[in-house]
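Chain naming here is simple, since letters A, B, ... match the order of the sequence lines and numbering starts at 1 in each.
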Amino acid sequence: MVDFARVQKELQECSRDIERSGIKVIPKSEATLARLIGTIPGPVGTPYEGGTFQIDIALPDAYPFEPPKMQFTTKVWHPNISSQSGAICLDILKDQWSPALTLKTALLSVQALLSAPQPDDPQDAVVAQQYLKDYQTFVGTARYWTETFAKKSSLGIVEKVQKLVEMGFPEAQARSTLEAAGGDENLALEKLCSG
Amino acid sequence: MFFKPYTESKICTFYQKGACAFGSRCRYEHVKASRAQSSGSSSSTNSQPSLAVDSASLALPVRTLASRVSLAPLSLSELSASSSPFLPPSKPAWNGSLEDDYENDEVNVGETWSTRPEDRAICSFAAAGSCPRGEKCPHIHGDLCPSCGKHCLHPYRPLEREEHMKTCEEKQKQLEALKRSQEIECSVCLERVLSKPTVAERKFGILSECDHPFCISCIRNWRSSSPTSGMDVNSALRACPICRKLSYFVIPSVIWYNSKEEKQEIVESYKARLRSIDCKHFDFGNGNCPFGTSCFYKHTVKPGSYVWKFHRPPPRRPPPRRPPPRRYDIVPMDVIIHMFEHLEELDDYMFEDLENEDLNPWERELLMHMGLDTSDSSEDEIDLWP
(Lines give C-alpha, C1' and ligand atoms only; values in the text may rest on other atoms or scores of the structure.)
Protein backbone atom coordinates (compact mmCIF):
# COMPACT_ATOMS: atom_id res chain seq x y z
CA MET A 1 0.00 0.00 0.00
CA VAL A 2 1.39 3.37 -0.98
CA ASP A 3 1.95 5.69 1.96
CA PHE A 4 -0.53 8.34 0.80
CA ALA A 5 -0.06 10.46 3.90
CA ARG A 6 3.54 10.91 2.89
CA VAL A 7 2.64 11.61 -0.76
CA GLN A 8 0.17 14.25 0.39
CA LYS A 9 2.90 15.85 2.48
CA GLU A 10 5.30 15.75 -0.43
CA LEU A 11 2.81 17.47 -2.72
CA GLN A 12 2.22 20.21 -0.17
CA GLU A 13 5.92 20.75 0.34
CA CYS A 14 6.47 20.81 -3.41
CA SER A 15 3.75 23.37 -4.09
CA ARG A 16 5.09 25.57 -1.30
CA ASP A 17 8.47 25.61 -2.98
CA ILE A 18 7.31 25.94 -6.59
CA GLU A 19 8.49 29.54 -7.03
CA ARG A 20 12.07 28.64 -6.23
CA SER A 21 12.44 25.21 -7.80
CA GLY A 22 9.96 25.46 -10.67
CA ILE A 23 9.18 21.80 -10.08
CA LYS A 24 5.52 20.89 -10.09
CA VAL A 25 3.85 17.65 -9.13
CA ILE A 26 0.10 17.14 -9.54
CA PRO A 27 -2.08 14.06 -9.37
CA LYS A 28 -3.16 12.74 -12.73
CA SER A 29 -6.72 12.34 -11.51
CA GLU A 30 -8.76 13.05 -8.42
CA ALA A 31 -9.23 9.36 -7.82
CA THR A 32 -5.76 8.35 -6.74
CA LEU A 33 -2.42 9.71 -5.69
CA ALA A 34 -0.56 6.77 -7.14
CA ARG A 35 -0.42 8.33 -10.60
CA LEU A 36 1.09 11.77 -10.86
CA ILE A 37 2.45 14.21 -13.39
CA GLY A 38 5.69 16.02 -12.67
CA THR A 39 6.88 19.09 -14.53
CA ILE A 40 10.45 20.35 -14.64
CA PRO A 41 11.84 23.41 -16.41
CA GLY A 42 14.78 22.81 -18.73
CA PRO A 43 17.98 23.88 -17.00
CA VAL A 44 19.41 27.28 -17.99
CA GLY A 45 22.51 27.14 -20.18
CA THR A 46 21.60 23.83 -21.81
CA PRO A 47 19.85 22.98 -25.09
CA TYR A 48 16.80 22.29 -22.93
CA GLU A 49 16.53 25.88 -21.70
CA GLY A 50 13.09 27.37 -22.07
CA GLY A 51 11.40 24.03 -22.34
CA THR A 52 8.96 22.54 -19.86
CA PHE A 53 9.23 18.80 -19.55
CA GLN A 54 6.47 16.54 -18.37
CA ILE A 55 7.23 13.34 -16.52
CA ASP A 56 4.76 10.58 -15.88
CA ILE A 57 5.06 9.24 -12.33
CA ALA A 58 3.67 5.93 -11.11
CA LEU A 59 4.08 5.03 -7.47
CA PRO A 60 4.57 1.33 -6.70
CA ASP A 61 2.68 -0.16 -3.76
CA ALA A 62 5.79 -0.22 -1.62
CA TYR A 63 6.56 3.47 -2.11
CA PRO A 64 8.57 5.04 -0.45
CA PHE A 65 10.50 1.81 0.05
CA GLU A 66 10.65 1.32 -3.69
CA PRO A 67 11.52 4.02 -6.20
CA PRO A 68 8.75 5.79 -8.13
CA LYS A 69 8.55 4.86 -11.79
CA MET A 70 9.33 7.92 -13.88
CA GLN A 71 9.17 8.41 -17.59
CA PHE A 72 9.29 11.49 -19.81
CA THR A 73 6.05 12.11 -21.68
CA THR A 74 7.64 15.09 -23.41
CA LYS A 75 10.03 13.96 -26.12
CA VAL A 76 13.65 14.69 -25.16
CA TRP A 77 16.92 14.35 -27.08
CA HIS A 78 19.32 13.21 -24.35
CA PRO A 79 21.86 10.36 -24.07
CA ASN A 80 20.31 9.01 -20.86
CA ILE A 81 16.67 9.36 -21.90
CA SER A 82 15.09 7.18 -24.51
CA SER A 83 14.04 9.29 -27.49
CA GLN A 84 11.37 6.69 -28.21
CA SER A 85 9.82 5.82 -24.85
CA GLY A 86 11.03 8.56 -22.52
CA ALA A 87 12.60 6.00 -20.17
CA ILE A 88 15.13 7.53 -17.81
CA CYS A 89 18.47 5.96 -16.95
CA LEU A 90 19.20 7.29 -13.49
CA ASP A 91 20.66 5.29 -10.61
CA ILE A 92 18.54 6.85 -7.87
CA LEU A 93 15.42 5.69 -9.70
CA LYS A 94 16.80 2.17 -9.62
CA ASP A 95 19.29 0.58 -7.27
CA GLN A 96 20.39 3.77 -5.55
CA TRP A 97 16.92 4.74 -4.40
CA SER A 98 16.55 5.71 -0.78
CA PRO A 99 13.29 6.24 1.13
CA ALA A 100 14.64 9.59 2.28
CA LEU A 101 14.35 10.84 -1.30
CA THR A 102 11.10 12.45 -2.34
CA LEU A 103 9.33 13.07 -5.64
CA LYS A 104 10.73 16.58 -5.62
CA THR A 105 14.32 15.54 -4.98
CA ALA A 106 14.00 12.79 -7.57
CA LEU A 107 12.72 15.30 -10.13
CA LEU A 108 15.57 17.64 -9.18
CA SER A 109 17.97 14.80 -9.94
CA VAL A 110 16.31 14.30 -13.30
CA GLN A 111 16.71 18.01 -13.95
CA ALA A 112 20.38 17.74 -13.01
CA LEU A 113 20.70 14.84 -15.42
CA LEU A 114 19.48 17.11 -18.20
CA SER A 115 22.35 19.49 -17.54
CA ALA A 116 24.94 16.76 -17.05
CA PRO A 117 24.51 13.92 -19.56
CA GLN A 118 26.40 10.67 -18.93
CA PRO A 119 27.09 9.37 -22.46
CA ASP A 120 29.18 6.47 -21.08
CA ASP A 121 26.10 4.95 -19.49
CA PRO A 122 23.53 5.62 -22.18
CA GLN A 123 19.84 4.83 -22.38
CA ASP A 124 19.62 5.87 -26.03
CA ALA A 125 22.66 4.62 -27.93
CA VAL A 126 21.98 6.77 -31.01
CA VAL A 127 21.86 9.97 -29.02
CA ALA A 128 24.92 8.95 -27.02
CA GLN A 129 26.88 8.25 -30.23
CA GLN A 130 25.94 11.64 -31.59
CA TYR A 131 26.83 13.33 -28.30
CA LEU A 132 30.30 11.79 -28.33
CA LYS A 133 31.08 12.05 -32.05
CA ASP A 134 29.28 15.20 -33.20
CA TYR A 135 28.49 17.39 -30.22
CA GLN A 136 27.35 20.37 -32.32
CA THR A 137 24.70 18.34 -34.11
CA PHE A 138 23.62 16.89 -30.77
CA VAL A 139 23.11 20.38 -29.35
CA GLY A 140 21.18 21.40 -32.46
CA THR A 141 18.90 18.37 -32.33
CA ALA A 142 18.31 18.69 -28.61
CA ARG A 143 17.42 22.37 -29.03
CA TYR A 144 15.13 21.61 -31.95
CA TRP A 145 13.32 18.92 -29.94
CA THR A 146 12.97 21.33 -27.04
CA GLU A 147 11.48 23.98 -29.37
CA THR A 148 9.16 21.48 -30.96
CA PHE A 149 7.97 19.38 -28.04
CA ALA A 150 8.75 21.19 -24.81
CA LYS A 151 7.60 24.77 -25.40
CA LYS A 152 4.50 25.88 -23.52
CA SER A 153 2.36 26.18 -26.66
CA SER A 154 3.27 22.70 -27.78
CA LEU A 155 2.82 21.20 -24.33
CA GLY A 156 0.59 18.19 -24.58
CA ILE A 157 0.59 18.35 -28.35
CA VAL A 158 1.64 14.74 -28.57
CA GLU A 159 -1.45 13.59 -26.71
CA LYS A 160 -3.69 15.79 -28.81
CA VAL A 161 -2.22 14.45 -32.00
CA GLN A 162 -2.65 10.95 -30.64
CA LYS A 163 -6.31 11.67 -29.94
CA LEU A 164 -6.92 12.95 -33.45
CA VAL A 165 -5.12 9.96 -34.91
CA GLU A 166 -7.37 7.68 -32.90
CA MET A 167 -10.34 9.46 -34.44
CA GLY A 168 -9.08 8.37 -37.81
CA PHE A 169 -7.05 11.32 -39.14
CA PRO A 170 -3.57 10.81 -40.55
CA GLU A 171 -0.86 11.82 -38.04
CA ALA A 172 0.97 14.35 -40.26
CA GLN A 173 -2.25 16.14 -41.11
CA ALA A 174 -3.43 16.14 -37.52
CA ARG A 175 -0.13 17.64 -36.36
CA SER A 176 -0.03 20.39 -38.96
CA THR A 177 -3.67 21.32 -38.37
CA LEU A 178 -3.11 21.40 -34.62
CA GLU A 179 -0.08 23.66 -35.08
CA ALA A 180 -2.09 25.94 -37.35
CA ALA A 181 -4.84 26.09 -34.73
CA GLY A 182 -2.29 27.10 -32.09
CA GLY A 183 -2.72 23.92 -30.13
CA ASP A 184 -6.48 24.29 -29.77
CA GLU A 185 -7.81 20.76 -29.98
CA ASN A 186 -11.43 21.66 -30.79
CA LEU A 187 -10.53 24.19 -33.44
CA ALA A 188 -8.24 21.67 -35.10
CA LEU A 189 -10.96 19.05 -35.03
CA GLU A 190 -13.42 21.45 -36.64
CA LYS A 191 -10.90 22.29 -39.33
CA LEU A 192 -10.13 18.64 -39.96
CA CYS A 193 -13.78 17.77 -40.18
CA SER A 194 -14.64 20.63 -42.49
CA GLY A 195 -11.47 20.24 -44.59
CA MET B 1 15.19 5.96 33.36
CA PHE B 2 11.95 7.48 34.38
CA PHE B 3 11.01 5.04 37.06
CA LYS B 4 12.53 4.55 40.40
CA PRO B 5 13.14 0.95 41.30
CA TYR B 6 10.34 -0.32 43.47
CA THR B 7 11.43 -0.41 47.05
CA GLU B 8 10.31 -3.18 49.30
CA SER B 9 9.82 -1.02 52.36
CA LYS B 10 6.53 0.75 52.85
CA ILE B 11 8.16 3.91 54.06
CA CYS B 12 7.05 7.14 52.43
CA THR B 13 10.03 8.65 50.62
CA PHE B 14 8.22 11.93 50.18
CA TYR B 15 7.84 12.27 53.89
CA GLN B 16 11.50 11.47 54.38
CA LYS B 17 12.36 14.23 51.99
CA GLY B 18 10.28 16.52 54.13
CA ALA B 19 7.03 16.76 52.21
CA CYS B 20 4.23 14.32 51.62
CA ALA B 21 1.22 15.84 49.97
CA PHE B 22 -1.06 13.13 51.37
CA GLY B 23 -0.34 13.97 54.98
CA SER B 24 -2.03 11.60 57.35
CA ARG B 25 -3.92 9.94 54.49
CA CYS B 26 -0.70 8.57 53.01
CA ARG B 27 -0.65 4.82 52.48
CA TYR B 28 2.99 4.61 53.47
CA GLU B 29 4.75 4.91 56.78
CA HIS B 30 5.75 8.39 57.77
CA VAL B 31 9.16 7.76 59.26
CA LYS B 32 12.12 10.09 59.36
CA ALA B 33 15.14 9.00 57.40
CA SER B 34 17.35 8.84 60.45
CA ARG B 35 14.75 6.95 62.43
CA ALA B 36 14.03 4.32 59.89
CA GLN B 37 17.42 2.82 60.48
CA SER B 38 17.50 3.18 64.20
CA SER B 39 13.95 2.03 64.95
CA GLY B 40 14.95 -1.61 64.93
CA SER B 41 17.63 -1.20 67.52
CA SER B 42 15.77 1.03 69.91
CA SER B 43 13.78 -1.18 72.19
CA SER B 44 13.50 1.04 75.19
CA THR B 45 10.27 2.66 74.07
CA ASN B 46 8.67 -0.52 72.90
CA SER B 47 6.43 -1.21 75.84
CA GLN B 48 3.92 1.39 74.86
CA PRO B 49 3.69 0.64 71.10
CA SER B 50 3.17 -3.06 71.66
CA LEU B 51 0.13 -2.15 73.62
CA ALA B 52 -1.11 -0.15 70.69
CA VAL B 53 -0.71 -3.05 68.32
CA ASP B 54 -2.69 -5.32 70.59
CA SER B 55 -5.53 -2.93 70.68
CA ALA B 56 -5.35 -2.38 66.95
CA SER B 57 -6.43 -5.91 66.23
CA LEU B 58 -9.70 -5.09 67.98
CA ALA B 59 -10.57 -2.02 66.02
CA LEU B 60 -9.82 -1.92 62.32
CA PRO B 61 -9.65 1.84 61.79
CA VAL B 62 -6.86 2.16 64.28
CA ARG B 63 -4.69 -0.47 62.75
CA THR B 64 -2.96 1.58 60.11
CA LEU B 65 -2.28 4.28 62.56
CA ALA B 66 -1.12 1.91 65.23
CA SER B 67 1.14 -0.14 63.00
CA ARG B 68 2.65 3.07 61.84
CA VAL B 69 3.27 3.93 65.40
CA SER B 70 4.91 0.64 66.10
CA LEU B 71 7.38 1.17 63.27
CA ALA B 72 8.18 4.68 64.28
CA PRO B 73 8.48 5.02 67.99
CA LEU B 74 6.84 8.20 69.08
CA SER B 75 6.90 10.35 72.08
CA LEU B 76 4.44 9.11 74.63
CA SER B 77 2.22 12.09 74.57
CA GLU B 78 1.65 11.89 70.86
CA LEU B 79 1.02 8.20 70.90
CA SER B 80 -1.64 8.46 73.52
CA ALA B 81 -3.17 11.31 71.61
CA SER B 82 -3.53 9.36 68.42
CA SER B 83 -4.84 6.23 69.99
CA SER B 84 -6.81 7.71 72.82
CA PRO B 85 -10.31 7.36 71.33
CA PHE B 86 -9.92 3.59 71.44
CA LEU B 87 -7.62 3.05 74.40
CA PRO B 88 -7.95 3.86 77.99
CA PRO B 89 -5.07 6.26 78.54
CA SER B 90 -2.26 4.60 80.37
CA LYS B 91 -0.90 7.96 81.35
CA PRO B 92 -2.97 10.88 82.51
CA ALA B 93 -4.17 12.87 79.55
CA TRP B 94 -2.45 14.97 76.92
CA ASN B 95 -1.06 18.42 77.05
CA GLY B 96 -3.09 20.32 74.51
CA SER B 97 -6.79 20.25 73.74
CA LEU B 98 -8.14 17.42 71.63
CA GLU B 99 -8.86 19.69 68.69
CA ASP B 100 -5.37 21.05 68.54
CA ASP B 101 -3.85 17.66 68.58
CA TYR B 102 -6.28 16.43 66.00
CA GLU B 103 -5.36 19.22 63.66
CA ASN B 104 -1.68 18.55 63.99
CA ASP B 105 -2.40 14.95 63.42
CA GLU B 106 -4.10 15.71 60.13
CA VAL B 107 -1.10 17.41 58.70
CA ASN B 108 1.64 15.14 59.85
CA VAL B 109 1.16 12.04 61.84
CA GLY B 110 4.14 10.78 63.70
CA GLU B 111 5.98 14.02 63.92
CA THR B 112 7.65 14.98 67.08
CA TRP B 113 7.67 18.61 67.97
CA SER B 114 11.35 18.71 68.45
CA THR B 115 13.12 21.98 68.82
CA ARG B 116 15.83 21.03 66.36
CA PRO B 117 14.85 22.55 63.03
CA GLU B 118 16.41 19.75 60.98
CA ASP B 119 14.09 17.27 62.68
CA ARG B 120 10.97 19.12 61.68
CA ALA B 121 9.28 18.29 58.42
CA ILE B 122 8.48 21.09 56.04
CA CYS B 123 4.93 22.07 55.15
CA SER B 124 3.58 19.59 52.63
CA PHE B 125 1.13 22.09 51.18
CA ALA B 126 3.87 24.58 50.41
CA ALA B 127 6.00 21.81 48.93
CA ALA B 128 3.17 20.66 46.67
CA GLY B 129 2.40 24.14 45.43
CA SER B 130 0.91 26.64 47.81
CA CYS B 131 0.07 26.64 51.48
CA PRO B 132 -3.40 28.02 52.29
CA ARG B 133 -2.23 29.21 55.69
CA GLY B 134 0.56 31.28 54.21
CA GLU B 135 2.53 33.23 56.80
CA LYS B 136 0.50 31.82 59.66
CA CYS B 137 1.50 28.24 58.89
CA PRO B 138 3.11 26.64 61.94
CA HIS B 139 5.39 24.48 59.77
CA ILE B 140 8.61 25.37 58.09
CA HIS B 141 8.14 26.38 54.49
CA GLY B 142 10.81 24.89 52.26
CA ASP B 143 13.06 26.88 49.96
CA LEU B 144 12.28 27.16 46.29
CA CYS B 145 13.83 24.46 44.10
CA PRO B 146 15.12 26.11 40.92
CA SER B 147 14.38 23.01 38.83
CA CYS B 148 10.87 22.04 39.78
CA GLY B 149 9.74 25.46 41.04
CA LYS B 150 8.31 24.11 44.29
CA HIS B 151 9.05 25.05 47.88
CA CYS B 152 10.36 21.63 48.72
CA LEU B 153 13.96 22.18 49.80
CA HIS B 154 14.35 21.64 53.49
CA PRO B 155 16.27 24.64 54.85
CA TYR B 156 18.10 22.61 57.49
CA ARG B 157 18.85 19.32 55.79
CA PRO B 158 21.73 19.95 53.38
CA LEU B 159 22.09 16.32 52.26
CA GLU B 160 18.43 16.05 51.40
CA ARG B 161 18.55 19.36 49.57
CA GLU B 162 21.43 18.20 47.46
CA GLU B 163 19.78 14.91 46.67
CA HIS B 164 16.52 16.54 45.71
CA MET B 165 18.25 19.08 43.46
CA LYS B 166 20.19 16.31 41.77
CA THR B 167 17.20 14.10 41.05
CA CYS B 168 15.16 17.13 40.10
CA GLU B 169 17.77 18.28 37.62
CA GLU B 170 17.99 14.82 36.13
CA LYS B 171 14.24 14.65 35.80
CA GLN B 172 14.22 18.04 34.19
CA LYS B 173 16.88 16.94 31.71
CA GLN B 174 14.83 13.89 30.81
CA LEU B 175 11.77 16.04 30.27
CA GLU B 176 13.69 18.41 28.05
CA ALA B 177 15.08 15.52 26.06
CA LEU B 178 11.58 14.20 25.60
CA LYS B 179 10.39 17.64 24.52
CA ARG B 180 13.16 17.89 21.98
CA SER B 181 12.43 14.37 20.79
CA GLN B 182 8.84 15.37 20.20
CA GLU B 183 9.94 17.77 17.47
CA ILE B 184 11.96 15.25 15.52
CA GLU B 185 10.57 14.01 12.23
CA CYS B 186 11.21 10.71 10.55
CA SER B 187 12.84 11.32 7.18
CA VAL B 188 10.90 8.50 5.57
CA CYS B 189 7.26 9.03 6.55
CA LEU B 190 7.91 12.75 7.14
CA GLU B 191 5.91 12.61 10.36
CA ARG B 192 6.87 13.43 13.91
CA VAL B 193 7.95 10.15 15.37
CA LEU B 194 6.37 10.71 18.77
CA SER B 195 3.08 11.84 17.21
CA LYS B 196 2.43 8.67 15.24
CA PRO B 197 -1.07 7.20 15.61
CA THR B 198 -0.23 4.05 17.56
CA VAL B 199 1.95 3.75 20.63
CA ALA B 200 4.04 1.00 19.07
CA GLU B 201 5.04 3.35 16.27
CA ARG B 202 6.08 6.17 18.59
CA LYS B 203 9.65 5.01 18.79
CA PHE B 204 12.90 5.97 17.15
CA GLY B 205 15.05 3.50 15.32
CA ILE B 206 18.57 4.56 16.11
CA LEU B 207 21.21 3.49 13.62
CA SER B 208 24.47 2.37 15.16
CA GLU B 209 26.76 4.23 12.78
CA CYS B 210 25.10 7.58 12.12
CA ASP B 211 22.76 10.08 13.73
CA HIS B 212 19.84 10.38 11.35
CA PRO B 213 16.42 9.98 12.95
CA PHE B 214 13.78 7.56 11.71
CA CYS B 215 10.81 5.95 13.28
CA ILE B 216 11.35 2.33 14.13
CA SER B 217 8.72 1.02 11.73
CA CYS B 218 10.08 2.99 8.76
CA ILE B 219 13.69 1.99 9.21
CA ARG B 220 12.77 -1.65 9.84
CA ASN B 221 10.53 -1.62 6.77
CA TRP B 222 13.36 -0.28 4.66
CA ARG B 223 15.93 -2.72 5.98
CA SER B 224 13.68 -5.70 5.55
CA SER B 225 12.19 -4.73 2.20
CA SER B 226 12.95 -7.35 -0.39
CA PRO B 227 15.65 -6.27 -2.80
CA THR B 228 13.60 -6.05 -5.94
CA SER B 229 14.62 -3.68 -8.71
CA GLY B 230 18.23 -4.71 -8.28
CA MET B 231 18.87 -3.05 -4.97
CA ASP B 232 21.84 -4.45 -3.14
CA VAL B 233 21.17 -5.67 0.38
CA ASN B 234 24.50 -4.68 1.73
CA SER B 235 25.10 -1.30 0.17
CA ALA B 236 21.54 -0.05 -0.16
CA LEU B 237 19.27 -1.59 2.44
CA ARG B 238 21.73 -1.69 5.32
CA ALA B 239 22.70 1.90 4.63
CA CYS B 240 21.21 4.97 6.23
CA PRO B 241 18.60 6.35 3.79
CA ILE B 242 20.11 9.80 4.17
CA CYS B 243 23.90 9.45 4.41
CA ARG B 244 24.18 5.87 3.11
CA LYS B 245 26.48 4.86 5.92
CA LEU B 246 26.18 1.17 6.72
CA SER B 247 24.72 0.20 10.08
CA TYR B 248 24.39 -3.39 11.19
CA PHE B 249 21.73 -2.97 13.80
CA VAL B 250 18.89 -0.69 14.84
CA ILE B 251 18.20 0.30 18.42
CA PRO B 252 14.63 1.14 19.38
CA SER B 253 14.26 4.07 21.75
CA VAL B 254 11.47 6.36 22.90
CA ILE B 255 13.88 9.22 23.36
CA TRP B 256 16.26 10.85 20.92
CA TYR B 257 19.78 11.60 22.11
CA ASN B 258 21.73 14.83 22.04
CA SER B 259 25.24 13.63 22.59
CA LYS B 260 27.48 10.71 21.85
CA GLU B 261 27.38 9.71 25.50
CA GLU B 262 23.61 9.67 25.57
CA LYS B 263 23.54 7.50 22.46
CA GLN B 264 26.08 5.16 23.99
CA GLU B 265 23.94 4.89 27.09
CA ILE B 266 20.86 4.02 25.06
CA VAL B 267 22.76 1.39 23.06
CA GLU B 268 24.34 -0.15 26.13
CA SER B 269 21.14 -0.41 28.11
CA TYR B 270 19.41 -1.90 25.08
CA LYS B 271 22.10 -4.54 24.72
CA ALA B 272 22.05 -5.22 28.43
CA ARG B 273 18.33 -5.74 28.19
CA LEU B 274 18.72 -8.22 25.35
CA ARG B 275 21.48 -10.08 27.18
CA SER B 276 18.98 -10.99 29.87
CA ILE B 277 16.61 -12.63 27.40
CA ASP B 278 17.07 -16.18 26.19
CA CYS B 279 17.76 -16.47 22.46
CA LYS B 280 14.91 -18.15 20.60
CA HIS B 281 17.20 -19.45 17.89
CA PHE B 282 19.63 -20.97 20.35
CA ASP B 283 16.75 -22.55 22.26
CA PHE B 284 18.82 -23.48 25.34
CA GLY B 285 21.28 -25.45 23.23
CA ASN B 286 18.79 -27.26 21.03
CA GLY B 287 18.71 -24.74 18.21
CA ASN B 288 21.24 -23.20 15.87
CA CYS B 289 21.54 -19.46 16.30
CA PRO B 290 22.60 -17.81 13.04
CA PHE B 291 24.44 -15.11 14.98
CA GLY B 292 26.60 -17.54 16.92
CA THR B 293 28.74 -16.08 19.62
CA SER B 294 28.01 -12.51 18.59
CA CYS B 295 24.31 -12.90 19.31
CA PHE B 296 22.87 -10.11 21.47
CA TYR B 297 20.63 -12.54 23.31
CA LYS B 298 21.48 -14.94 26.09
CA HIS B 299 22.72 -18.38 25.13
CA THR B 300 21.97 -20.66 28.04
CA VAL B 301 22.89 -24.30 27.64
CA LYS B 302 20.37 -26.49 29.40
CA PRO B 303 21.63 -29.86 30.67
CA GLY B 304 20.61 -32.59 28.27
CA SER B 305 20.40 -30.27 25.28
CA TYR B 306 22.24 -30.86 22.01
CA VAL B 307 25.05 -28.47 22.81
CA TRP B 308 25.36 -29.87 26.31
CA LYS B 309 25.77 -33.37 24.90
CA PHE B 310 27.91 -32.76 21.82
CA HIS B 311 29.62 -29.45 22.57
CA ARG B 312 28.65 -28.06 19.20
CA PRO B 313 25.48 -26.53 17.81
CA PRO B 314 23.03 -28.85 16.05
CA PRO B 315 23.29 -28.98 12.24
CA ARG B 316 21.49 -26.19 10.47
CA ARG B 317 18.26 -27.15 8.85
CA PRO B 318 17.77 -26.44 5.16
CA PRO B 319 16.34 -23.01 4.35
CA PRO B 320 12.55 -23.06 4.19
CA ARG B 321 11.24 -23.67 0.69
CA ARG B 322 8.17 -21.78 -0.41
CA PRO B 323 5.84 -23.00 -1.72
CA PRO B 324 6.43 -26.42 -0.23
CA PRO B 325 7.11 -29.08 -2.85
CA ARG B 326 4.08 -31.22 -3.52
CA ARG B 327 5.43 -33.91 -5.78
CA TYR B 328 8.02 -36.30 -4.39
CA ASP B 329 10.00 -36.46 -7.58
CA ILE B 330 11.08 -32.85 -7.34
CA VAL B 331 12.23 -32.96 -3.73
CA PRO B 332 16.00 -32.86 -3.65
CA MET B 333 17.57 -35.89 -2.01
CA ASP B 334 19.36 -33.93 0.68
CA VAL B 335 16.09 -32.52 1.96
CA ILE B 336 14.71 -36.00 2.51
CA ILE B 337 17.86 -37.06 4.26
CA HIS B 338 17.66 -34.02 6.45
CA MET B 339 14.07 -34.73 7.27
CA PHE B 340 14.88 -38.18 8.54
CA GLU B 341 17.89 -36.97 10.41
CA HIS B 342 15.81 -34.60 12.45
CA LEU B 343 12.52 -36.34 12.59
CA GLU B 344 12.38 -36.14 16.35
CA GLU B 345 12.95 -32.40 16.18
CA LEU B 346 10.31 -31.78 13.58
CA ASP B 347 7.95 -30.12 16.00
CA ASP B 348 10.58 -27.67 17.06
CA TYR B 349 11.28 -26.80 13.49
CA MET B 350 7.69 -26.15 12.65
CA PHE B 351 7.49 -23.87 15.64
CA GLU B 352 10.64 -22.04 14.73
CA ASP B 353 9.53 -21.60 11.18
CA LEU B 354 6.66 -19.48 12.29
CA GLU B 355 8.92 -17.36 14.40
CA ASN B 356 11.34 -16.74 11.61
CA GLU B 357 8.68 -15.36 9.36
CA ASP B 358 10.11 -11.87 9.60
CA LEU B 359 13.73 -12.82 9.14
CA ASN B 360 14.39 -13.51 5.49
CA PRO B 361 16.49 -16.56 4.69
CA TRP B 362 18.84 -14.47 2.57
CA GLU B 363 19.28 -12.09 5.41
CA ARG B 364 20.27 -14.82 7.80
CA GLU B 365 22.49 -16.32 5.19
CA LEU B 366 24.20 -13.05 4.56
CA LEU B 367 24.78 -12.34 8.20
CA MET B 368 26.14 -15.80 8.68
CA HIS B 369 28.68 -15.24 5.98
CA MET B 370 29.65 -11.84 7.12
CA GLY B 371 29.87 -12.96 10.72
CA LEU B 372 28.13 -9.77 11.58
CA ASP B 373 25.39 -9.05 13.95
CA THR B 374 21.99 -7.58 14.00
CA SER B 375 19.28 -7.19 16.53
CA ASP B 376 16.58 -7.47 13.92
CA SER B 377 15.18 -10.67 15.21
CA SER B 378 11.74 -11.58 16.32
CA GLU B 379 12.35 -10.49 19.86
CA ASP B 380 13.35 -7.06 18.87
CA GLU B 381 10.28 -5.32 20.17
CA ILE B 382 11.82 -4.68 23.51
CA ASP B 383 11.46 -1.16 24.65
CA LEU B 384 14.32 0.64 26.08
CA TRP B 385 11.99 3.05 27.79
CA PRO B 386 8.93 1.28 28.96
Could you tell me whether [X] atom [atom1] has more than 12 heavy atoms of other residues or ligands within 6.0 Å of it?
| X | atom1 | value |
| --- | --- | --- |
| K173(B) | NZ | no |
| K75(A) | NZ | yes |
| E170(B) | CD | no |

**Fill in**
Nearest heavy-atom contact between P241(B) and A100(A) is O-CB, 3.5 Å
**Exercise: identify the closest heavy-atom pair between W222(B) and F65(A)** = CZ3-O, 3.3 Å
**Prompt:** Taking C-beta and beyond as the side chain, do S98(A) and I242(B) meet within less than 4.5 Å on heavy atoms?
**Reply:** no
**Residues of residues 3-11 of chain A with any heavy atom under 4.5 Å of a heavy atom in chain B** = D3(A), A5(A), R6(A), K9(A), E10(A)
**Message:** Going by salt bridge (Lys or Arg N to Asp or Glu O under 4.0 Å), name the residues that satisfy it together with K263(B), two or more places apart in sequence or in a different chain.
**Reply:** D211(B)
